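Here the structure is laid out as C-alpha cells; the discussion comes afterwards.
Here the structure is a predicted model, which means the values were calculated and not measured. Residue numbers start from 1 in every chain, and the chains themselves are labelled A, B, ... in the order their sequence lines are given, proteins ahead of strands.
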Amino acid sequence: MVITPIHYIIVPLIAAFAIPLISKIHKELYRIVPGIVMFYNIIISFVLMKEVNEVGYISEIIAGWEAPWGINLIITPFSGFLVSLISVLGFLIWLYQYRFKKVIDVGEIKSYGIMQMLMITGAIGIIITGDIFNLFVFMEIVAITAVSLTSFYRGRDGAEAGFKYLLIGSFASAMVLLAILILYTQVGTLNMAEISERMHLVPQGIKATILILFIVGFGIEAELFPLNGWAPDAYSQAPGPTSAAFAGIVVKAGIYGLIRIIFTLFDIDGAFDFLIIAGLVTMIIAEFSAVKQTNLKRMLAYSSIGQMGLVLIAFGIGTKEAVFAALFLMFNHAIIKSLLFMTGSILMYNSKDKTILSIHGIAKKLPYVSILFAIGSFAIVGLPPFSGFWSKLYILTAAANKEMILLIIAILAVSIVEIVYYFRVVSKLYFAEDTEHIEIFKPSINSLIAMGVLAITIIVIGVYPDLITGYLHNAADMLLDKTSYIKFVLNNNVQIQ
Amino acid sequence: MKKVLVIILLVIIGYFLAETFINIPFGENRIGDINLEKPTAAGYYLSNTTEKSKVANVITAIVVNYRGLDTLGEVTVLFLATTGIASILYRRKEEEENAETERLSLPSSNIVRSGARVLFPTIALLGIYVFIHGHLTPGGGFQGGTIVATGFLLMLISYKGFNTNHNRMVWIESLAGLSFIFLGIWGLISDNTFLGNIPEVGKLNSLISGGLIPLIYIAVGFKVAVELTGILDILLKIKPKK
Amino acid sequence: MNIFFLIILIFFSGAILSFIINKIAPKFSGITTFITIAVVVFLFFTQIEINSITQFSLGGIQMQFGVNNYTYIFAILVLGLSLLASLYSIKYMQNNDRLGYFYSNFILTVTGMLGIIFSRDFISFFIFWEIMTWSSYLIVLYNGKHSSKSGMKYMIFSAIGAYAMLTAIVSIKGSYGTFIISDAIQQGAFNFSENIYIPIMLLIGFAVKAALMPLHVWAPNAYSKSPMSFTSIFSGAMSKMGILGMGLVLASVYSQTTNDNTFSVLVLKQVLGWLGGITAVMATIYALIQTDAKKLLAYSSVAQLGYIIVGLSTGTKLGVMAALFLAVIHAVFKGALFMVAGAVEKQVGTTDMTKISGLIRKMPFTFFTALVSIIALAGIPPLGGFVGKWMLYEALITESNNYFLVIVIFFSSTAAFLYSYRFLFGLFLGQEEKETEHVKEAPVTMIIPMVILALILIVTGAYPGILFEPIAHGMHYLGFSDVNWDMSVLVNVWGEESNMAYINLSIGVVFVVVFLFLTIKGYKGTKNVGTKDISTSGEIPTENENLTFQLDFFKPFERAAAPLYKRSMDKIWNDLGNALEAIFDFTRRIYTGNGQTYALFVIIFLVILLIFKNTLFTN
Amino acid sequence: MQEEFNEIFLKYHEIITLGVYGTAIGLMLIGLYAILTKKNLVKIVIGLSIFDAGIHLLFVGIGYVKGGTAPIFSPGYENAGNRMVDPVPQALVLTAIVIGFAVTAVALSLVIRLYKHHNTAKIDQIKSLKW
C-alpha cells in the first residue's frame with residue numbers, strides 16, 4: 001500500500017476503535033498499540049517529507065471528489081514539517097509515559113492512551129486538511145480530548161481546569177463555526193484554496209468580521225492574550241505527558257490555524273501588525289506572570305504562552321526570514337518545552353507540596369532528570385550552544401532587517417525576565433539543601449530515553465543548526481507562496497500515487 | 001454592575017452580527033446555476049449526486065461521501081466524548097465497591113414502566129428504520145442512532161434494574177467504528193481514494209442503492225446509538241450527594 | 001582538521017571527559033582538566049599562525065575564526081592564567097563534592113574565553129560569550145545556597161549586557177548586512193556620525209563584564225563567592241574579555257572620529273573616563289571596609305578595572321597602552337592574590353581577616369606571592385603596577401589634559417595602599433592566633449602556580465619590554481600607528497632592558513639580604529607571641545574575645561566615609577528589582593481563577609476588535 | 001402550494017428575515033448572557049447549548065433558498081436540482097450539532113465532578129487555581 005496523508009488519520013482511528021477490543025486479548029496491548037501507531041506516524045512523516053521536498057506539494061482527495069468539492073488533505077513543506085515534528089514528539093511522549101502510568105494508578109488508562117493518541121491525530125488533522133470545516137472538526141477532536149485529559153487526574157483540580165478550558169474552548173469553536181458560516185455565504189465554498197482565490201469578492205467589512213472571528217477562535221487555541229485564561233490551569237493540572245503534548249503539539253496546531261488563516265486565506269492589511277501587537281502583549285504579560293509562580297508546571301505554562309507570543313511576533317514581521325525564524329522557534333519550543341514538562345512533572349511529583357520551594361536539592365536524588373531540566377532551561381532562555389539561541393537570533397535578525405529596534409529590545413528584556421525565573425528553579429534544584437526526605441519516584445528507563453532524545457536533539461541542533469534550516473527555509477518559502485498553493489489545489493488535483 | 005457591562009457588550013456584539021447578516025439576504029439563491037461548468041460547491045453536489053454518488057438524498061451524500069472525513073471526525077468526537085466522560089467520572093475499584101453505585105432512578109409508576117416496555121421496541125425500530133433509509137429520506141445514522149438512544153434512555157429512567165450490557169456495547173461500538181473505516185479503506189483499495197464509492201447495485205431511490213453510503217450510515221447509526229446510550233448510562237450512574 | 005576546530009573540540013571533549021571521570025575516579029578530574037588546558041596551550045603556541053583566517057558557515061551565517069595581534073595578548077593571558085589556575089585547583093578543590101561539575105564548567109569557561117579570542121565575527125563571538133557567561137554562572141553557584149543570590153545577580157547583569165550586545169549585533173546585520181567584525185568596522189558600524197546606539201550598546205555589553213559603574217554590582221559577590229581557583233581566572237582573565245571588546249569598539253570609534261562627531265566622541269570619552277574613575281574610587285572605598293579578604297580582593301578587582309577603562313577612554317596611544325599593560329599585569333597579580341586567598345582559605349578554613357593573622361611563619365611562600373602581588377597592585381616600583389599607573393597618569397596629563405580625573409585616580413590609587421596594607425598585614429603579619437597554630441604551608445601544586453605568577457610579576461617589572469612588544473603589535477592592529485616605547489618618560493628611561501635590570505637586581509639583592517637577615521634574626525631574636533598573650537598588661541582576655549587588630553581597622557575612615565556607604569548602587573538596583581517584582585506580581589493577578597472572567601475577557605477582546613475592525617484591518 | 005408559499009414569502013420577506021436572523025442572534029445573545037452572568041455551572045452549560053443552538057439556526061437559515069425544496073431527489077423531484085435549498089449548511093449543521101452535543105456531555109460530566117469535589121456548583125467559588 002502506498003503511503004498517503006490519509007494514513008495519518010485512519011491508522012490512529014482504527015487503533016482507537018480497536019483498542020477496547022484488543023485490550024480484551026492482552027492487558028499490555030492497549031499500552032503498546034498507541035506507540036506503534038505513533039511510530040507509524042513517524043514513518044509516514046519521513047516518507048512524505050522526503051517526497052514533498054522533491055515535489056513541492058502532496059495532495060490527497062477524499063472519496064474521489066476533486067479539490068474544491070471534496071475534502072482534500074494537503075501536505076506542503078510547511079505543514080509536512082510541523083506534522084513530522086508532531087509525529088516524533090507524539091512518539092516520544094508515548095515513550096515517556098509508557099510505563100509511567102503503570103506505577104501511578106489514577107484513572108482509566110485505556111481511555112488515556114486513546115485520547116492522547118487521538119489528540120495528536122486531531123492536531124495533525126488540523127494541519128494537513130485543506131478544508132476549513134474539516135479543520136473545525138479536527139479542532140473539536142483536539143478540544144474534547146484536551147479537556148478530558150486535563151481533568152484526567154482525580155486528585156487534583158483537574159476538573160476545574162478542564163471546565164475552564166471547555167468553557168473558553170467552546171467559545172473558540174463557536175467563533176470558528178460562525179466565521180465559517182459567514183465565509184460560506186460569501187464565497188460558497190469550504191475549500192481553503194478556493195476561499196483564498198475568491199477572497200477578493202468579499203466586502204471589506206464582512207471580511208474584517210470574519211477575520212476577527214477566526215482570530216478569536218484560533219487565538220484561544222494559540223493562547224493569545226487575553227484569551228489564554230484557560231492555559232495555565234490546564235497545563236498545570238493535566239498529567240505530565242499531556243502538558244508536554246499541549247505545549248509541543250496542541251498549541252502548534254492552534255498557531256498553525258491562525259497562521260494559515262492569516263497567510264493563506266485573507267488578503268487583508270493590518271493583520272500582520274495585529275499579530276505583532278498581540279504577540280508582544282501576550283509575551284510580556286505571560287512572562288511577567290511566570291516570575292512569581294510557585295507551581296513549576298504553571299510557570300512552564302506561562303513561559304509557553306510567552307513563547308507563543310514570540311512566535312506570533314515573528315510571523316507578524318512577515319518576511320521570509322521572519323517566517324523561517326518563527327518556524328524554527330516553533331520547532332525549538334516544541335522540543336524544549338516538552339522536555340521541560342516531562343522533567344518538570346517528575347520533579348513536581350517528587351516534591352513534597354508540589355511547589356518550586358520544595359524541590360530544594362532534589363538534583364542529588366534525581367541527577368539525570370535535573371540535568372535534563374537544566375538543559376531545557378538553558379535552551380529555552382536562548383543560551384548558546386543550545387538550539388533556542390538560534391531561533392531567537394533569527395527572529396532578532398529578521399526584526400533588525402525591518403528596523404524594529406524597539407521590538408528587539410522588548411524581546412530581549414523579556415528574555416531577561418525569563419532567565420530570572422528559569423535560573424531560579426535551576427539553582428534551587430542544584431544548590432539548596434534538601435530539607436525533606438521523601439520517597440523518590442524514579443523515572444523508568446523508557447522515560448529517560450525519551451527525555452534524553454529530546455535533550456540530545458536540543459544540543460545537536462544547537463551546535464549544528466544546518467541540520468534543519470534547509471527544511472525550514474523551504475517551508476517558509478512555501479507558506480508565503482500563496483498563489484502556487486491555490487494553483488496546485490485547484491488545477492493540479494491529480495492524485496499522487 | 002457586571003450585568004450592565006455584559007449587556008452592553010452583548011448589545012455591541014448583536015449590533016455587529018446584525019450588521020453582518022443584513023448584508024446576507026435571507027432566502028437568496030447563492031448556489032447559482034447548477035449546470036455551469038464550474039458551479040459552486042452546493043451546485044456541484046446538487047448536479048452530481050444522482051449520477052455519481054447514486055443516492056437520492058443530497059445531504060446524505062454530502063455527509064457520508066463528499067465530506068465523509070467530517071463525518072468520520074464527528075463519529076470520533078462522539079467516541080471521544082464517551083471515552084472522555086468515562087475517564088472523567090472514573091472511579092477506582094475500591095471506590096466502586098465502597099460507594100453506592102446505584103443508578104439514579106426517578107420513582108416511576110407502573111404505567112410508565114409498562115408503557116416504556118411497550119414503547120421501547122417501537123422507538124428502536126423507528127430509529128433503525130431512520131438510519132437504514134438515510135440515503136432516501138431525511139434522517140440518517142445520527143438521527144436514527146439518537147432515536148434508538150432515546151429508547152434506551154426511557155428504559156434507563158423507568159427501570160431501576162435495567163442494565164446495559166457493557167461488554168456488548170463495547171463490541172458494537174468498536175465494530176461499528178471499525179467497519180466505517182474499513183468500508184472507507186475498501187474504497188481506498190478499489191478506487192484509490194479513501195471512502196471512494198463502490199459501483200452501485202440497485203436503482204436510484206431504492207433501498208439497495210448508493211454504494212457504500214447506506215452501509216456507512218448504518219455503521220454510524222449503530223455507533224451513535226451505542227455511544228449515546230453509553231453516555232447516558234455513565235451520567236445516570238452518578239449518585240447525587242445526600 | 002582545522003586547528004581552531006580542533007582546539008574547541010579538545011576543550012569540549014575535555015569538559016565532558018572531566019565530568020565523566022569524576023564519576024569513576026574523582027581524583028583525576030582535576031588532572032584531566034589540567035592536561036586538557038595544557039594540550040591546548042601547546043597547540044595554540046605551536047600551531048596557530050597569527051592573522052590566519054578560517055571561514056565556515058553555521059546556520060546560514062558566515063563565520064570566521066582567527067587570531068590577530070590584538071587578541072593574541074589576551075590569548076596569552078587567558079591560556080597562561082587558566083593553565084596555572086587549573087594546576088592550582090587540583091589540590092585546592094580536593095575533597096569537594098561535584099568536582100566533575102566544577103571542572104567541566106571550568107573548561108567551558110576557558111573555552112568561552114578562547115572562543116571569544118578566536119572569533120572574527122559577531123555571532124560566534126556572542127555564542128562563546130554566552131558559553132563563558134553561563135558556565136561561570138554555574139561555578140558561582142557552586143558554593144551552594146548562600147551563593148545563589150549573587151549568582152542570580154551575576155546572571156541578570158550578564159544577560160543585560162549580553163542582550164545589549166545582541167541588540168547591537170543584529171542592528172549591525174540589519175544596517176550593514178554583515179556579521180564579520182572587520183567588515184562591520186570598515187563599513188562604519190562604529191562610526192558615531194552614522195549611528196550612536198550600536199557602539200553604545202556594545203560598550204554596555206562589555207562594560208558589564210568589565211564591571212564598570214553602575215553595572216558592577218554583581219562583581220564583588222560573584223568574585224568572592226566562587227571557588228578561589230576559579231576566581232583567579234574569573235577576575236583575572238574573564239573581566240579582560242570586557243576590556244578586549246571595549247578596546248576594539250573604542251579604537252574604532254576614535255579612529256573614525258570626523259569633524260561631524262567630535263563632540264559626541266568627546267562626550268563618550270568623558271563619560272567613560274569618569275565612570276571608570278568613579279568605579280575606581282568607589283570600589284576602593286568599599287574595599288577598605290571589607291573584613292573578608294576575598295571580598296576585599298573582589299572590590300579591588302573592580303577598582304583596578306576602573307583604571308583600565310580610564311586608560312581606554314583616553315583613546316590616546318599612551319593611554320590605551322597603559323590600559324592594556326595594566327590589564328595584563330592585573331590579570332597576573334589578581335590571579336596570584338586570589339590564589340593566595342584560596343590557599344589561606346584552604347589551610348585555615350576562613351579568609352576573615354579579623355580571625356586570622358600572622359600566617360607568615362606558617363605559609364612563607366604564600367606570603368612571598370602575596371607580597372609581590374601587593375607591590376604590583378599598589379603600584380609601588382619597581383613592579384609592573386607602577387609602570388602601568390605611571391603611564392596612565394602621564395597619558396591623562398600630557399595627552400588628554402584631564403586633570404580632575406587624574407586627581408580622582410590618584411586618590412583611589414593612594415587609598416589602594418590602605419587596603420593592600422590591610423590585606424597583607426591582616427593575613428600574614430602580626431601576632432599569631434591560637435586557632436592558626438596547626439596551619440601548614442599549602443600543598444606544592446598550589447604553591448607552584450602562585451610562585452610562577454609572582455616571578456612573572458618580577459620579571460615583567462624588570463623587563464616591561466616583554467609585555468610592551470606584543471601590546472605594541474596589538475595596538476598596531478587596532479589602528480594606532482607608530483607605537484613606540486619611548487612614548488612615556490618612564491618607559492623611555494626605564495623600559496630599556498639594561499637600565500631596569502640594574503634596578504631590579506639591586507632591589508632583589510636588598511630584598512634577599514633583608515629577607516635573610518630578618519629570617520635569621522627572627523628565628524633567633526624574636527619571640528613568637530599570640531594575640532591573647534597580653535596578660536602582662538593586667539587584664540586577661542577571655543578565649544572568645546577577638547583581639548586581632550584587624551577588628552575596626554579603619555574605623556575612623558569608615559566613619560568619615562559613612563554617607564557614601566549609605567547610598568550604594570546596590571540599593572538602587574535592589575529597589576528597582578523589588579519594584580519589578582511588584583509589577584510581576586500584579587500582572588499575574590489578571591488570571592483571576594474565575595472561568596467566567598476569562599470568558600468575559602474573550603468577549604471584551606472580541607468586542608474591542610469588532611469596534612476597531614475598520615481601523616485595524618483595511619483592505 | 002409552492003406558489004402560495006412564495007407569495008407569502010415575498011410579502012412578509014422582511015418579517016421572515018427578522019424572524020430567522022433575529023431568533024438566531026437572539027438565541028446566541030441569550031446564551032452568551034447566561035454564560036457570562038449565571039453563577040451556576042449547569043446554567044452556564046445550558047447557556048453554551050443555547051449559544052450553539054443560535055449558530056445552528058443561523059446555519060440552517062442561510063441555506064434557505066426562496067422557493068426551494070428539500071435537497072432529496074425523491075421520485076417526482078428528479079429534475080428539481082435547480083430549485084433545491086443549499087444542502088451544504090444542512091450537512092454542516094448536522095456535524096456541528098453532534099459536536100455540540102459531545103461538548104455538552106463532557107461539560108456536564110465535569111460539572112458532576114466539580115460538584116463532588118467542591119460541594120458547590122457556583123463558578124465563582126471554584127477558584128482553587130488562580131494567579
Side-chain angles (χ1 to χ4, degrees), chain A residues 163-164 167-168 171 175 204-205 207-209 211-212 215-216 220 226-227 229-230 232-233 268-271 274 285 288-289 291-293 302 378 383-385 389-390 393 396-397 399-403 405 408-409 412-413 415-417 419-420 423-424 427-428 430-433 464-466 469, chain C residues 57-61 101 123 126-128 130-131 133-134 137 141-145 147-148 151-152 155-156 159-160 163-164 166-167 170-175 197 580-581 583-585 587-588 590-593 595-599 601-606 609-610 613-619:
Chain A
F163 190 80
K164 287 177 197 167
L167 185 62
I168 310 293
F171 270 16
M175 297 299 162
Q204 205 271 331
K207 203 192 274 183
T209 311
L211 179 63
I212 286 168
I215 283 177
V216 174
I220 287 171
L227 315 174
W230 60 273
D233 298 356
I268 199 162
D269 279 347
F274 171 78
I285 295 209
F288 278 13
S289 311
V291 177
K292 287 284 217 170
Q293 295 304 323
Y302 280 115
F378 276 51
L383 292 180
F389 165 71
W390 292 101
L393 176 69
L396 294 174
T397 316
N401 284 350
K402 281 200 130 188
E403 308 238 312
I405 296 300
I408 294 175
I409 291 172
L412 289 176
S415 293
I416 293 172
V417 177
I419 284 180
V420 173
F423 279 34
R424 193 185 48 159
S427 75
K428 276 217 174 87
Y430 274 93
F431 298 99
E433 304 296 317
Y464 192 66
D466 300 47
T469 48
Chain C
S57 109
L58 189 64
I61 294 167
Y101 171 90
I123 293 304
F126 185 78
I127 290 174
F128 285 114
E130 286 286 75
I131 291 178
T133 302
W134 64 252
Y137 159 75
L141 289 184
Y142 178 81
N143 272 338
K145 210 173 183 174
S147 66
S148 74
M152 202 69 230
M155 195 63 212
I156 291 172
I160 292 172
Y163 287 151
L166 191 56
T167 314
V170 293
S171 305
I172 290 171
K173 172 74 175 172
S175 317
Y197 79 93
L580 283 175
E581 292 250 313
I583 292 176
F584 297 154
D585 208 30
T587 35
R588 74 191 184 119
I590 292 171
Y591 298 90
T592 57
Q596 212 161 30
T597 320
Y598 298 157
F601 285 166
V602 176
I603 296 299
I604 292 174
F605 186 64
L606 176 67
L609 285 189
L610 281 174
K613 70 174 180 180
N614 289 327
T615 43
L616 271 175
F617 306 109
T618 50
N619 236 340

| task | Could you please spell out the steps behind the side chain to side chain contact (heavy atoms under 4.5 Å, CB included) verdict for Lys292(A) and Thr587(C)? | result | CA-CA 10 Å; Lys292(A) 287 284 217 170; Thr587(C) 35; over 6 Å; no
| query | Who pairs with Arg588(C) by side-chain hydrogen bond (donor to acceptor under 3.5 Å, both in side chains), at least two apart in sequence or on another chain? | reply |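 Arg588(C) satisfies side-chain hydrogen bond (donor to acceptor under 3.5 Å, both in side chains) with Asp585(C) once adjacent residues are dropped.
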| Under the side-chain hydrogen bond (donor to acceptor under 3.5 Å, both in side chains) test, which residues partner Tyr197(C), sequence neighbours left out? |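 If we apply the side-chain hydrogen bond (donor to acceptor under 3.5 Å, both in side chains) test to Tyr197(C), skipping adjacent residues, the hits are Ser171(C).
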Highest number of heavy-atom pairs under 4.5 Å with chain C: which of [options]?
{"options": "Tyr302(A), Phe163(A), Tyr464(A)", "answer": "Tyr302(A)"}
{"options": "Asn401(A), Ile212(A), Val291(A)", "answer": "Ile212(A)"}
{"options": "Ile215(A), Val216(A), Thr469(A)", "answer": "Val216(A)"}
{"options": "Ala208(A), Ala413(A), Pro226(A), Gly205(A)", "answer": "Pro226(A)"}

Would you compute the distance between atom [atom1] of [X] and atom [atom2] of [Y] and round it to the nearest 0.5 angstrom?
{"X": "Tyr591(C)", "Y": "Lys164(A)", "atom1": "OH", "atom2": "NZ", "answer": "12.5 Å"}
{"X": "Ile127(C)", "Y": "Leu393(A)", "atom1": "CD1", "atom2": "CG", "answer": "7.5 Å"}
{"X": "Ile416(A)", "Y": "Met155(C)", "atom1": "CD1", "atom2": "CE", "answer": "10.0 Å"}
{"X": "Ile419(A)", "Y": "Thr133(C)", "atom1": "CD1", "atom2": "OG1", "answer": "9.5 Å"}
{"X": "Lys613(C)", "Y": "Lys207(A)", "atom1": "NZ", "atom2": "NZ", "answer": "12.5 Å"}
{"X": "Ile409(A)", "Y": "Leu166(C)", "atom1": "CD1", "atom2": "CG", "answer": "11.5 Å"}

Checking heavy atoms, do the side chain of [X], its backbone, both or neither come under 4.5 Å from chain C?
{"X": "Val420(A)", "result": "both"}
{"X": "Ile408(A)", "result": "side chain"}
{"X": "Leu211(A)", "result": "side chain"}
{"X": "Phe378(A)", "result": "side chain"}
{"X": "Phe171(A)", "result": "side chain"}
{"X": "Ile168(A)", "result": "side chain"}
{"X": "Phe423(A)", "result": "both"}

| Given that the side chain runs from C-beta out, which part of Ile583(C) has a heavy atom under 4.5 Å from chain A: side chain, backbone, both or neither? |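 Contact with chain A is through the side chain of Ile583(C) alone.
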| What part of Ile61(C) is in contact with chain A, defined as an atom under 4.5 angstrom from a non-hydrogen atom: side chain, backbone, both or neither? |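 Only the side chain of Ile61(C) comes within 4.5 Å of chain A.
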For the student: nearest non-hydrogen atoms of [X] and [Y], plus distance:
{"X": "Val417(A)", "Y": "Phe584(C)", "result": "CG2-CZ, 3.9 Å"}
{"X": "Ala599(C)", "Y": "Leu167(A)", "result": "CB-CD2, 4.3 Å"}
{"X": "Ile131(C)", "Y": "Pro384(A)", "result": "CG1-O, 3.7 Å"}
{"X": "Tyr598(C)", "Y": "Asp233(A)", "result": "CE1-OD2, 4.0 Å"}
{"X": "Leu227(A)", "Y": "Val602(C)", "result": "CD2-CA, 3.7 Å"}

| request: Go through Thr592(C), Thr167(C), Leu58(C), Leu580(C) and name the one with the most non-hydrogen pairs under 4.5 angstrom from chain A. | output: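 If we count pairs closer than 4.5 Å to chain A, Leu58(C) comes out on top.
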| said: For the interface with chain A, which of Phe601(C), Tyr137(C), Trp134(C), Tyr142(C) has the highest count of heavy-atom pairs at distances below 4.5 Å? | reply: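 The option with the most such pairs is Trp134(C).
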| task | Assign the ring pair Phe605(C) / Phe274(A) to parallel, tilted or perpendicular, where the plane angle (0 to 90°) is split at 30° and 60°. | result |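 Rings of Phe605(C) and Phe274(A): tilted, as their planes differ by 30° to 60°.
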| said: Within the structure provided, determine whether Ser175(C) and Glu403(A) are in side-chain contact (heavy-atom separation under 4.5 Å). | reply: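 In contact.
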